[in-house]
Amino acid sequence: MKKYNFNAGPSLFPDSVLEAAAKAIFDFDGTGLSVLSYSHRTPEFEAVVEESKSLFKELLNIPDNYSIYFVGGGATTQFFHIPANFLYGKAGYINTGVWTKKAIKEAKLYGTVEVLASSEDRGFRYIPKGFEIPADLDYLYICANNTIFGTEYKVDLDSPVPLIADMSSNILSRPIDVSKYAMIYGGAQKNLAPAGVTFAIIRNDMLDKIERELPMMMNIKNHVDNNSMLNTPPIFPIFVLRESLRWIKAQGGVEEIHRRNEEKAQMLYAEIDRNSLFRAPVDEADRSSMNICFVMAEGKESLESKFLEFAISKGMVGIKGHRLSGGFRASCYNACPKENVEALVACMQEFEKMYK
Ligand SMILES: *Cc1c(COP(=O)(O)O)cnc(C)c1O
């Protein structure tokens with residue numbers, strides 16, 4: 001049976017990227033050697049890193065005063081790298097769920113954290129707005145897309161202090177104004193690469209703010225200065241990252257990817273709103289285009305496990321909601337074909353006919 005993958009991560013890939021990855025396991029870029037055994041300190045692998053950086057730069061219109069680097073450890077490692085490098089007095093955090101809570105906890109090890117706004121009062125079902133940003137903060141930290149609760153910042157915030165954003169689950173899903181951010185980073189496994197590589201885009205003046213004496217691997221400047229080769233980088237994930245970036249470019253760039261993402265998200269939210277058995281728990285203005293959460297409509301809660309079983313029988317994979325938010329979540333990342341969303345919509349319609 002055909003499977004429709006809606007897992008929140010690691011995410012799915014276009015077939016062409018998988019084919020390139022499979023080929024490179026036997027023959028990396030025509031070298032006759034496997035990418036799995038290739039040395040990172042070679043012109044061939046350095047070319048992969050350079051191309052990945054320049055594709056990032058081109059696809060997101062990254063200004064010249066920014067550096068891009070790749071590192072291991074996942075987004076979770078950046079939760080403490082960021083305050084270790086940049087928090088000396090106070091930092092502002094916006095609490096929008098699990099990933100910011102974890103980041104806040106780590107930041108408290110290095111300085112004072114002011115939670116400027118939180119959406120915890122309504123179960124993280126919205127993005128706080130209109131909060132004051134004090135001018136004396138070392139930085140303001142946000143999670144641009146909340147993978148678990150399905151909320152997303154739809155605009156690039158104006159911040160008087162350096163703005164740092166976790167874009168693990170929405171990187172390259174829409175055009176962004178990079179100049180509004182001091183740092184953008186994320187685990188690449190949601191939208192770009194296999195697990196194992198973290199991407200970061202950082203404004204160069206941030207590198208001059210690092211005062212703390214840090215272990216070599218924790219100092220962000222070392223990763224930039226050593227061109228992501230401070231130690232053995234995650235070679236295979238970076239290779240696949242390059243293939244994903246090439247794929248995005250070949251599709252027509254981030255504008256086209258964004259158009260497709262909006263089309264998929266609108267199709268699914270429209271069905272959730274129309275279908276008498278389901279509802280969307282997130283405020284309409286803040287609904288994520290990547291992680292689409294839905295629950296059973298009021299009075300229909302007892303059908304939850306039946307729908308899950310039905311959806312699985314129709315080939316849907318990974319639509320059970322996170323244990324903290326319940327219900328369902330369909331993650332529709334960049335590489336998710338429209339066909340998958342059409343199949344889920346058809347499945348919801350069929351279920352409605354059975355249980356209306
Ligand atoms: C998955 C996720 C993380 C954690 O990423 P790891 O790479 O597993 O550490 C952090 N932030 C967001 C928004 C995520 O979706």
Side-chain angles (χ1 to χ4, degrees), residues 5-13 69-84 93-107 109 118-120 124-128 139-154 156-157 163-174 176 181 183-201 217-218 220 223 228 233-234 236-238 240-241 244 261 265 282 286-293 318-325 329-336:
N5 187 354
F6 293 100
N7 269 319
S11 167
L12 72 180
F13 293 93
Y69 65 94
F70 307 112
V71 63
T76 306
T77 296
Q78 297 306 310
F79 293 168
F80 67 88
H81 277 195
I82 288 163
Y93 278 67
I94 309 301
N95 183 18
T96 49
V98 171
W99 300 117
T100 52
K101 271 194 173 177
K102 289 192 183 186
I104 289 166
K105 192 167 171 225
E106 303 284 78
L109 297 171
S118 168
S119 51
E120 191 159 20
F124 296 118
R125 298 307 193 179
Y126 70 103
I127 296 287
Y139 60 86
L140 169 65
Y141 181 101
I142 62 166
C143 178
N145 182 71
N146 295 280
T147 323
I148 292 174
F149 295 99
T151 62
E152 183 174 15
Y153 289 79
K154 298 289 178 178
D156 301 307
L157 292 184
L163 175 62
I164 299 182
D166 174 356
M167 292 198 188
S168 294
S169 51
N170 67 345
I171 188 69
L172 292 160
S173 69
R174 67 168 175 94
I176 51 170
Y181 299 86
M183 182 178 181
I184 293 167
Y185 80 96
Q189 73 275 14
K190 303 271 163 60
N191 230 346
L192 292 174
V197 61
T198 309
F199 61 87
I201 303 161
M217 284 296 286
M218 272 175 77
I220 286 175
H223 292 286
S228 307
F236 186 59
I238 292 175
V240 182
L241 170 74
S244 281
N261 287 338
V282 170
D286 303 326
R287 290 173 174 180
S288 168
S289 301
M290 297 282 99
N291 309 98
I292 299 175
C293 290
I319 65 157
K320 190 170 165 46
H322 189 277
R323 68 194 149 78
L324 291 174
S325 54
R329 169 179 57 176
S331 297
C332 305
Y333 295 121
N334 293 340
C336 168

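Counting starts at 1 for both ligands and their atoms, following the listed order.
Enclosure of atom NZ in K105 is not indicated, since only 12 or fewer non-hydrogen atoms of other residues, nucleotides or ligands lie within 6.0 angstrom.
Residue contacts with ligand 1 leave out G9, since none of its heavy atoms falls under 4.0 Å from the ligand. Using a 4.0 angstrom heavy-atom cutoff, I148 does not count as in contact with ligand 1. Between Q189 and ligand 1 there is a heavy-atom distance shorter than 4.0 Å.
Nearest protein neighbour of atom 4 (C) of ligand 1, counting heavy atoms only, is W99 CZ3, 3.5 Å. Nearest protein heavy-atom contact of atom 1 (C) of ligand 1 is K190 NZ, 1.5 Å. Counting protein heavy atoms only, atom 9 (O) of ligand 1 is closest to T76 OG1, 2.5 Å.
Remark: ligand 1 and T77 share no N or O pair separated by less than 3.5 Å (distance only, no angle test). For ligand 1, one of its N or O atoms has an N or O atom of A75 under 3.5 Å away. Residue-to-ligand polar distances keep N145 apart from ligand 1: every N/O pair is separated by 3.5 Å or more.
Under a 3.5 Å cut-off, the side chain of H223 and the backbone N or O of F70 do not form any donor-acceptor pair.
Which of D166, N146, N291, T96 comes nearest to atom 12 (C) of ligand 1 through a heavy atom is settled by distance: it is D166.
Using modelled atom types, one finds no donor on one side chain facing an acceptor on the other under 3.5 Å when comparing D286 with Y153. Counted by atom type alone, N334 and N261 present one or more donor-acceptor pairs between their side chains at under 3.5 Å. Side chain to side chain, T96 and N146 meet the donor-acceptor criterion of an N or O pair below 3.5 Å.
If you number the atoms of ligand 1 from 1 as listed, the ones under 4.0 Å from a heavy atom of C143 come out as 13 (C). With ligand atoms numbered from 1 in the order given, ligand 1 contributes 10 (C) to contacts under 4.0 Å with heavy atoms of F79. Distances below 4.0 Å separate heavy atoms of T147 from the following atoms of ligand 1: 12 (C), 13 (C), 14 (C), 15 (O). Taking a cut-off of under 4.0 Å to the non-hydrogen atoms of G74, the atoms of ligand 1 that pass are 7 (O), 9 (O).
Contact annotation: the side chain of T100 approaches that of Y141 to within less than 4.5 Å [non-hydrogen atoms, C-beta and beyond].
Remark: Y126 pairs with D121 by the side-chain hydrogen bond (donor to acceptor under 3.5 Å, both in side chains) rule, at least two apart or across chains.
To the nearest 0.5 angstrom, S325 atom OG is 5.0 Å from R125 atom CZ. A distance of 11.0 Å separates SG of C336 from CG of N7, quoted to the nearest 0.5 Å.
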